[in-house]
Amino acid sequence: MYRTQETIQLNKRLRKTRNILLICALAFVGRRRRFWIMPETSFTTKDFLVYLGLAAVMILLSMYSNKQPFSLLVSALVICVGFWGFEIFLNNINELVIETSIHKLFIVSILVWCFHSSREAEIIRKELHFS
């Protein structure tokens with residue numbers, strides 16, 4: 001009985017982690033598509049393809065999130081924050097506030113929000129001796 005309940009909880013937490021990573025991928029593409037369509041923005045096709053690549057990375061991370069959810073979530077967070085820092089280094093601050101900061105803060109906040117769930121999934125996996 002205990003093992004069944006813990007397996008249900010494990011699947012629930014793994015599904016939540018996978019869905020959060022997919023939401024991040026969708027946020028990368030959806031929000032950037034909106035900036036790409038806007039007429040008075042400096043967002044180009046090259047920038048859109050970069051964000052499409054980041055979305056593909058998030059989708060790949062979500063596909064492997066059943067094995068090690070916490071480490072993949074931390075990896076996604078490092079990728080997002082690293083890319084944000086890279087954009088700060090390359091772009092003008094005025095463009096950064098409108099086009100990237102709010103969007104990146106949303107993505108980072110939902111990744112941080114999922115930390116507890118993914119950590120619990122790894123603990124349950126260890127208790128049940130799943131590898």
Would you say [X] and [Y] make side-chain contact, with heavy atoms under 4.5 Å?
{"X": "S65", "Y": "L14", "answer": "no"}
{"X": "P69", "Y": "K16", "answer": "no"}
{"X": "V112", "Y": "V108", "answer": "yes"}
{"X": "H116", "Y": "R119", "answer": "no"}
{"X": "Y64", "Y": "R18", "answer": "no"}
{"X": "I23", "Y": "I107", "answer": "no"}

Flag, side chain of R125 to backbone of N66, donor-acceptor distance under 3.5 Å: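 Between the backbone of N66 and the side chain of R125 there is a qualifying donor-acceptor contact (under 3.5 Å).
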
Shared hydrophobic cluster for [X] and [Y] (ILVMFWY, side-chain gaps under 4.5 Å):
{"X": "L60", "Y": "L54", "result": "no"}
{"X": "I59", "Y": "V57", "result": "no"}
{"X": "I123", "Y": "I8", "result": "no"}
{"X": "L26", "Y": "L73", "result": "no"}

Stepwise side-chain contact (heavy atoms from CB on, under 4.5 Å) test for F28 and L52: CA-CA 7 Å; F28 269 124; L52 199 61; over 6 Å; no

How long is the span from the [atom1] atom in [X] to the [atom2] atom in [Y], to the nearest 0.5 Å?
{"X": "F106", "Y": "L111", "atom1": "CZ", "atom2": "CG", "value": "9.5 Å"}
{"X": "E122", "Y": "K67", "atom1": "CD", "atom2": "NZ", "value": "12.5 Å"}
{"X": "I110", "Y": "L21", "atom1": "CD1", "atom2": "CG", "value": "8.5 Å"}
{"X": "W84", "Y": "C80", "atom1": "CH2", "atom2": "SG", "value": "10.0 Å"}
{"X": "L22", "Y": "T17", "atom1": "CG", "atom2": "OG1", "value": "11.0 Å"}
{"X": "S62", "Y": "L72", "atom1": "OG", "atom2": "CG", "value": "9.5 Å"}

F115: ring pair (Phe, Tyr, Trp, His ring centres under 6.0 Å) partners, not counting sequence neighbours: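 Testing F115 for ring pair (Phe, Tyr, Trp, His ring centres under 6.0 Å), a comparison that skips the adjacent residues, returns F70.
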
Close aromatic pair by centroid cut-off 6.0 Å: F83 and Y51: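 Ring centroids of F83 and Y51 are less than 6.0 Å from each other.
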
Over 12 non-hydrogen atoms of neighbours within 6.0 angstrom of CD in E120: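 Enclosed: over 12 neighbouring heavy atoms sit under 6.0 Å from CD of E120.
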
